[in-house]
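Data block below; observations after.
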Amino acid sequence: MKTQLWLVKQEPESYAWEAFVRDGRATWDGVRNYQARNHLKAMARGDRVLFYATGDSKSVMGIAAVARAAFPDPTAEEPGWVAVELRPLEPLPHPVTLARIKADPSLRQTALVRHSRLSVMPLAEAEFARIVELGREP
DNA sequence: GCCAACGTTGGC
DNA sequence: GCCAACGTTGGC
């Protein structure tokens, strides 16, 4: 199967990119939205994932990879919710702000822009590549 | 099954 | 702090 590309959101106050890098691996649990859950379920080991920080930072911070595909969310009291494990791959030298993403014509269709409340979303190959490219240039 | 009320997310 | 955009809940 073709590798898929994703973006996950995280509040930096609860789990910052720096903490993720320090930990070297993280269980992505606690997702309680069906659409986001379905995206988690579709993740395969090795898929690339952009890490987006909400709140004050509102920026894509770096690239991660799926280390373990979906398994039952240990924090869920009801069955049916899943978690994945992610590991950080590399930071983006210049975190890509939401403003920059919104200003880029090739990124206007991303779920990040169009569905601002979704916390786990797929990205098209060109979208993923463009964000990474922006992250490498000031 | 509809829809009003309510709660949450997250940008501004 | 506000509010738009949604998702969820519960009464009917």
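Lettering follows sequence order; numbering is per chain, from 1. All heavy atoms count here, side chains included; hydrogens, waters and symmetry mates do not.
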So, does [X] use its side chain to make a donor-acceptor pair with the main chain of [Y] at under 3.5 Å?
X: A:Arg108; Y: A:Lys102; value: yes
X: A:Arg87; Y: A:Gly24; value: no
X: A:Lys58; Y: A:Gly55; value: yes

query: Parallel, tilted or perpendicular: which fits the ring planes of A:Phe51 and A:Trp17, with parallel below 30° and perpendicular above 60°?
result: perpendicular
- line: The correct set of residues in residues 74-83 of chain A placing a heavy atom under 4.0 Å from DNA chain B is none
query: Could A:Glu127 and A:Arg130 be called an ion pair, given the rule that one side-chain N must be under 4.0 Å from one carboxylate O?
result: no
So which protein N/O to nucleotides 4-6 of chain B N/O distances come out below 3.5 Å?
none

For nucleotides 9-12 of chain B, which of its nitrogen or oxygen atoms have a protein nitrogen or oxygen under 3.5 Å away, and what is each distance?
unit_1: B:dG11; atom_1: OP1; unit_2: A:Tyr52; atom_2: OH; d: 2.9
unit_1: B:dG11; atom_1: OP2; unit_2: A:Gly55; atom_2: N; d: 3.4
unit_1: B:dC12; atom_1: OP1; unit_2: A:Lys102; atom_2: NZ; d: 2.6

- request: Please check if atom CD in A:Glu137 has more than 12 non-hydrogen atoms from other residues, nucleotides or ligands closer than 6.0 Å.
  value: yes
field: Residues clustering with A:Leu123 (ILVMFWY side chains joined when closer than 4.5 Å, directly or via others)
entry: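 A:Leu5, A:Leu7, A:Leu50, A:Tyr52, A:Val60, A:Ile63, A:Leu89, A:Leu92, A:Val96, A:Leu98, A:Ile101, A:Leu107, A:Leu112, A:Val113, A:Leu118, A:Met121, A:Phe128, A:Ile131, A:Val132, A:Leu134, all in the cluster of A:Leu123.
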query: What closest approach, in Å, do A:Ser59 and A:Ser57 show between heavy atoms, and which atom pair accounts for it?
result: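 Nearest heavy atoms, A:Ser59 then A:Ser57: OG-O, 2.8 Å.
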task: Any pair with a residue in residues 3-26 of chain A that passes salt bridge (charged side-chain N to carboxylate O under 4.0 Å, His left out), sequence neighbours left out, goes on the list, sorted by first then second residue, please.
output: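 Qualifying pairs, neighbours excluded: A:Arg25-A:Glu85.
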Between side-chain atoms of residues 29-37 of chain A and protein atoms elsewhere (two or more places apart, or another chain), which donor-acceptor pairs fall under 3.5 Å?
unit_1: A:Arg32; atom_1: NH1; unit_2: A:Asp73; atom_2: OD2; d: 2.8
unit_1: A:Arg32; atom_1: NH2; unit_2: A:Thr75; atom_2: O; d: 3.3
unit_1: A:Arg32; atom_1: NH2; unit_2: A:Thr75; atom_2: OG1; d: 3.1
unit_1: A:Asn33; atom_1: OD1; unit_2: A:Gln35; atom_2: N; d: 3.0
unit_1: A:Asn33; atom_1: OD1; unit_2: A:Ala36; atom_2: N; d: 2.9
unit_1: A:Arg37; atom_1: NH1; unit_2: A:Gly80; atom_2: O; d: 2.9

